[in-house]
Number of protein chains: 2
Amino acid sequence: MFQKSSITSLIRKLEHCALLSPEDKRALESVCGSVRQLPARSILVTEGDPAQRVNVILEGFACRFRLQADGRRQMVGLLLPGDMCDIRVCILKHMDHSIGTLSPVRVAQIPHESADWLMERCPRLARAFWWSTLVEESIAREWVVNVGHRTAFERMAHLFCEVFERLHAVGLTRGDTCDLPLTQSELGDALSLSAVHVNRVLMEMRHNGLITLRNQQLTIHDYPALRNVPGFDPRYLHLDGTNDPSFRAQEQTG
Amino acid sequence: MFQKSSITSLIRKLEHCALLSPEDKRALESVCGSVRQLPARSILVTEGDPAQRVNVILEGFACRFRLQADGRRQMVGLLLPGDMCDIRVCILKHMDHSIGTLSPVRVAQIPHESADWLMERCPRLARAFWWSTLVEESIAREWVVNVGHRTAFERMAHLFCEVFERLHAVGLTRGDTCDLPLTQSELGDALSLSAVHVNRVLMEMRHNGLITLRNQQLTIHDYPALRNVPGFDPRYLHLDGTNDPSFRAQEQTG
DNA sequence: CGACATTTTGATGAAGATCAAACTGGGTGG
DNA sequence: CCACCCAGTTTGATCTTCATCAAAATGTCG
């Protein structure tokens, strides 16, 4: 019912922090046994619920969002394969946001006892988990900057760069293209733009030859130019692979 | 050179997660020995620097901010007395944002070895520290919502509610008033608004009898109405005092 | 008193929201 | 196989919010 390949993304991601030993990987796999498959647009975690499990996205796109008083929803983060959410969230009485899927998603749900056990037993893993929560926090701050200080065009360019870099970090890009299974209206939720305006910006980008987005596939034709639009600086993603002194082989491939 | 009263705010804040034992408090005090006094508008931590210490704000207001390519700065978080920043930040190679003071600030700087020692020795403290970083993350997400989905008027009302609640949680409000030592231009940085527009919204709020803001003092005349403007829901601050099962006495006063 | 930061006011312009409607394309059922 | 449906995309027109520019008023501190 679960394949080894499930957690490839997770391992690739964590190895941006520290190289994992075979035992680390085995421990990780043993804990990711219970995998659920969810359809697109389903709810994984509901705001206000008691926090129970650690969720690891194995495949597909999901998002964190907050519901507004007026019923609208604001995305406050994107969850990609390899993202492990809320390692310590059991400390809180209730979830302060919801998590929903954007595409079909395969997710491993780890009881927090198992997570605690894992962190006690494998210090390298523990370190990598903390690293990944710090990165998420950094991304959240970048989103504040994004919706706060950038034009629609810059925002969208920034989001595309972020998604591409994050997917690249877990080996899920093919050349200059990657998945992006969001409707224009969902892009609007992420960027705080109306669907109409998303559409216009998108056409402008296509027209400029920067990207194409069709069939849930994003292709970046001119990455330097795209990066240049918002002044994208990938350091906030902490993917430079030197977070751990013991990190050596940065370019090994699976 | 340091008074017991220094860490009152910190203790009051952490006790929203779990009641601390006298030993916990003593350990905390012993570690906050080295206190620095900084003038307003000084830099505490610079983006890109190696992450070294844990900073605890004892007195005054500070903020996290990111510098933009165009030199403008976007505030991505407010640090109030009792806020302990970046407990685990030593995992990252470099800081992904800067921290600066808004008013004169007294800050305790804890070497991360001491922080680790503290967390090993006092599990209740460790738990409270994690709680506080999760709360900060939650606040960061709320800021995304704030600048993303709310009008200038709602944004400002929301920020005022947040600051008041957070200060109230550490016993730093007097009746319906609290400190707010930000210029209108700094408020603009926090809310992603121009200083001019901040001014106009402020006047409207005053005119509506909601608040007054003078001499760095915020007075909220009609809290229910103010809360109602953005639909402020304080749950994201996790201050309900029930995060820990052992929590009992919620209303004890120092 | 004078220099300087901050607040206030006015006028204008631009980015993006909103409303409305047409167009596209894949999937379903008759 | 076609007609239909529905979600998503595209286009147009109008309106609101807020930024920007400019300048006057106020306050503060040496």
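Everything numeric here is computed off the predicted structure, so don't read it as measured data. Within every chain, numbering begins at 1; the chains are lettered A, B, ... in the order of the sequence lines, protein sequences first and strands thereafter.
A distance-only check finds a donor-acceptor pair linking the side chain of B:Asp83 to the backbone of B:Leu80 [under 3.5 Å].
Within the structure, the salt bridge (charged side-chain N to carboxylate O under 4.0 Å, His left out) test picks out the following pairs touching residues 182-200 of chain B (sequence neighbours left out): B:Arg41-B:Glu186, B:Arg73-B:Asp189. Screening residues 137-160 of chain B for ring-ring contact (aromatic ring centres under 6.0 Å, His included), with sequence neighbours left out, gives B:His158-B:Phe232, B:His158-B:Tyr236.
A salt bridge does not link A:Glu136 with A:Arg141: every distance from a Lys NZ or Arg NE/NH1/NH2 to an Asp or Glu carboxylate oxygen is 4.0 Å or more.
Scanning for side chain to side chain contact (heavy atoms under 4.5 Å, CB included) contacts around A:Ala140 gives B:Ala140, with sequence neighbours left out. Remark: A:Arg155 engages no residue in a side chain to side chain donor-acceptor pair (under 3.5 Å) (not counting sequence neighbours). Under the side chain to side chain contact (heavy atoms under 4.5 Å, CB included) criterion, B:Val145 pairs with A:Arg66, A:Gln68, A:Gln74, A:Val76, B:Glu142, B:Arg150, not counting sequence neighbours. Residues satisfying the side chain to side chain contact (heavy atoms under 4.5 Å, CB included) criterion with B:Ala225, sequence neighbours excluded, are B:Leu210, B:Asp222.
Nucleotides of DNA chain C with any atom under 4.0 Å from a heavy atom of chain B span, from 5' to 3', C:dT6 to C:dA11.
Regarding contacts with the backbone of D:dT10, a side-chain N or O of A:Asn199 is found under 4.0 angstrom from either OP1 or OP2.
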Produce the list of close N/O pairs, under 3.5 Å, pairing protein atoms with atoms of nucleotides 5-8 of chain D; give distances to one decimal.
from: D:dG8; atom 1: OP1; to: A:Arg41; atom 2: NH1; distance (Å): 2.9
from: D:dG8; atom 1: OP1; to: A:Arg41; atom 2: NH2; distance (Å): 3.4

Distance-only check: which donor-acceptor pairs under 3.5 Å involve side-chain atoms of residues 47-63 of chain A, not counting sequence neighbours?
from: A:Asn55; atom 1: OD1; to: A:Gln109; atom 2: NE2; distance (Å): 2.9
from: A:Glu59; atom 1: OE2; to: A:Arg106; atom 2: NE; distance (Å): 3.1

N/O donor to acceptor pairs below 3.5 angstrom from side-chain atoms of residues 171-180 of chain B, sequence neighbours left out:
from: B:Thr173; atom 1: OG1; to: B:His168; atom 2: ND1; distance (Å): 3.1
from: B:Arg174; atom 1: NH1; to: B:Gln217; atom 2: OE1; distance (Å): 3.1
from: B:Arg174; atom 1: NH2; to: B:Asp179; atom 2: OD1; distance (Å): 3.1
from: B:Asp179; atom 1: OD1; to: B:Gln217; atom 2: NE2; distance (Å): 2.8

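Heavy atoms only, all atoms of each residue included: B:Pro39 and B:Thr101 are closest at O-OG1, 2.8 Å.
Annotation: the terminal axes of the helix from C:dC1-D:dG30 to C:dG30-D:dC1 meet at 40°, where each axis is the rotation carrying the C1' atoms of four end pairs onto the next four (5 pairs per end, rounded to 10°).
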Check your understanding: In B/S/- notation, 5' to 3', how is nucleotides 16-26 of chain D contacted by protein heavy atoms closer than 4.0 Å?
Key -> --BSBB-----
Practice item. Decide yes or no on side chain to side chain contact (heavy atoms under 4.5 Å, CB included) for A:Arg166 and A:Leu78, but give the supporting numbers first. Key: CA-CA 10 Å; A:Arg166 285 171 66 184; A:Leu78 215 44; 4.1 Å; yes
